[in-house]
Number of protein chains: 2
Amino acid sequence: MTSSRSGSYERPHRPAQPEDTRAADRRSAIRQAALRLFAEQGYRATTMTDIGAAVGIRGPSLYKHVASKHELLAEIMIGTMEQLIADNTAAVIGTDDVREQLRRSVEAHIRYHARHRLEAFVGNREIGSLEQPDQDRVLRGRSDYERRFRELIERGVAEGTFHLQSARIASYSILDMGIGVASWFHEGGEFSVDQLAYQYGDIALRIVGVRA
Amino acid sequence: MTSSRSGSYERPHRPAQPEDTRAADRRSAIRQAALRLFAEQGYRATTMTDIGAAVGIRGPSLYKHVASKHELLAEIMIGTMEQLIADNTAAVIGTDDVREQLRRSVEAHIRYHARHRLEAFVGNREIGSLEQPDQDRVLRGRSDYERRFRELIERGVAEGTFHLQSARIASYSILDMGIGVASWFHEGGEFSVDQLAYQYGDIALRIVGVRA
DNA sequence: CGAGTTGGCTAATGACCATTAGCCATCACA
DNA sequence: TGTGATGGCTAATGGTCATTAGCCAACTCG
């Protein structure tokens with residue numbers, strides 16, 4: 001009827017919100033959609049069109065908010081790695097007891113992998129999709145993270161508190177158990193995050209040879 | 001000089017080998033190359049040109065030997081799942097002792113993930129790349145495999161041999177430890193496959209609460 | 001109210017890719 | 001020796017995709 005010249009898309013704008021908040025919300029929605037899609041389909045199988053559709057816009061419009069598809073992945077991967085390290089740092093302060101430090105470290109590790117299962121899942125599966133130098137940065141972070149567990153276990157062995165054959169294998173087993181959590185855990189299942197963290201804490205102490 | 005008409009590729013053939021052996025060798029080389037490349041780069045990032053180059057031919061020539069790229073992936077995934085189940089079946093026969101059955105099951109699990117780390121790695125990362133009905137088939141197999149561990153642990157608890165909170169969490173931890181092995185193990189490192197299998201057997205027994 | 005900014009859109013662009021078509025040299029074997 | 005099968009090849013084919021270009025409406029703010 002009345003003109004309606006070319007494109008027929010809907011309301012592109014909405015007022016009533018502080019300037020920056022709206023823009024930040026959209027960026028955050030895009031990151032969240034990308035995270036979900038990367039986890040469900042894989043990074044390479046997810047298209048910019050998919051991500052756009054998940055937030056109600058077209059693929060090319062995403063470039064008004066993010067620089068590239070790769071940037072979305074890199075943010076997830078680097079953020080995940082840094083958060084794990086920060087959580088670990090926070091976990092071990094406040095006690096010198098090596099048993100307690102291990103329990104807290106493992107609980108933080110499990111908690112992150114249960115609460116942020118998509119981030120952790122993508123963070124573990126898509127390392128090969130990262131371009132340099134991001135890939136090296138993430139790998140260095142993971143290596144640092146593993147070393148913290150290994151050195152903690154070595155300290156426990158040196159003190160005579162822990163009893164085991166190889167600190168390296170113990171640290172890998174404990175970390176890999178946690179990584180596994182991200183692939184099967186879902187809220188509302190048999191266990192709460194707290195129950196899970198506590199049980200894995202027990203398991204870790206058994207692995208290092210501490211009697212209950 | 002002498003003619004050399006069009007294409008300039010090299011010797012396409014070689015005699016002196018029983019018919020079927022040569023053909024089977026090439027198919028096997030292709031599968032091996034595909035496995036390595038899928039592990040290094042991911043299924044979607046690997047092109048038929050890549051696989052061809054790894055065995056010295058062009059991408060399209062692969063179709064004289066395999067039906068599709070997806071077939072290569074499906075063979076890896078289904079073969080891996082079936083081998084794990086077969087190894088587990090073989091591991092538990094010959095003893096009724098639940099401790100011994102768990103040790104043997106875990107050793108078989110670890111052995112497979114160390115010896116066939118590429119298959120196991122791809123088998124775990126590329127489930128989402130499988131098309132139906134292959135994906136469901138593999139998922140059903142994995143679910144069956146996990147159930148074997150869980151029911152074994154439940155039996156140990158019922159007998160009073162094992163002492164733990166949740167058989168499900170114990171089975172997941174043990175399986176996830178093994179899956180992790182496929183991502184870091186390499187021949188010639190600190191441990192042999194046998195040493196690794198034995199140590200993880202110990203760890204599993206600790207997890208289920210058996211005292212050494 | 002009017003000019004610049006924002007964030008949509010569609011339509012290229014320039015790749016890349018799995019697979020198919022069709023060609024041909026070599027081989028095995030009659 | 002010649003014929004069919006085998007397994008290479010190059011050149012389509014038909015598709016997908018990340019990203020860029022260029023357009024435009026609505027909003028913001030002076």
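Each chain gets a letter, A, B and so on, in the order its sequence line appears, and its residues count up from 1. Owing to the predicted nature of the structure, the values given are computational and were not obtained by experimental measurement.
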When the distance from [atom1] of [X] to [atom2] of [N] is rounded to whole Å, what number comes out?
X	N	atom1	atom2	result
B/I57	D/dC9	CD1	C1'	10 Å
A/R27	C/dT6	CZ	C1'	12 Å
B/Q41	C/dC16	CD	C1'	14 Å

Polar side chain donor-acceptor pair, [X] to [Y], under 3.5 angstrom:
X	Y	result
B/E146	B/S171	yes
A/R148	A/T89	yes
B/R142	B/N124	yes
B/Q41	B/T46	yes
B/D50	B/T47	yes

Would you list the protein and nucleotides 13-15 of chain C atom pairs, both N or O, that sit under 3.5 Å from each other?
none

Contact list (N/O, under 3.5 angstrom) for nucleotides 14-17 of chain D vs protein:
none

Establish, for the pair B/R103 and B/Y198, whether the NZ or CZ atom is under 6.0 angstrom from the six-membered ring centre and no further than 45 degrees off its axis.
-> yes

B/Y43 ring centre to B/R125 NZ or CZ under 6.0 Å, with the angle to the axis within 45°?
-> no

Is atom CD of A/E40 surrounded by more than 12 heavy atoms (other residues, nucleotides or ligands) closer than 6.0 Å?
-> yes

So with a 6.0 Å cut-off around CD of B/E187, is the heavy-atom count from everything else above 12?
-> no

Electrostatic pair B/E151-B/R155, nearest N-O below 4.0 angstrom | no

Short side-chain N/O contact to C/dT6 OP1/OP2 from A/R26, under 4.0 Å | no

Between D/dT10 and B/R58, is there an OP1 or OP2 to side-chain N/O distance shorter than 4.0 Å?
-> yes

Residue-level proximity of residues 60-67 of chain A to DNA chain C when a heavy atom falls under 4.0 Å | A/P60, A/S61, A/K64, A/H65

Kindly state whether the ring of A/H109 and the ring of A/Y145 have centres lying under 6.0 angstrom apart.
-> yes

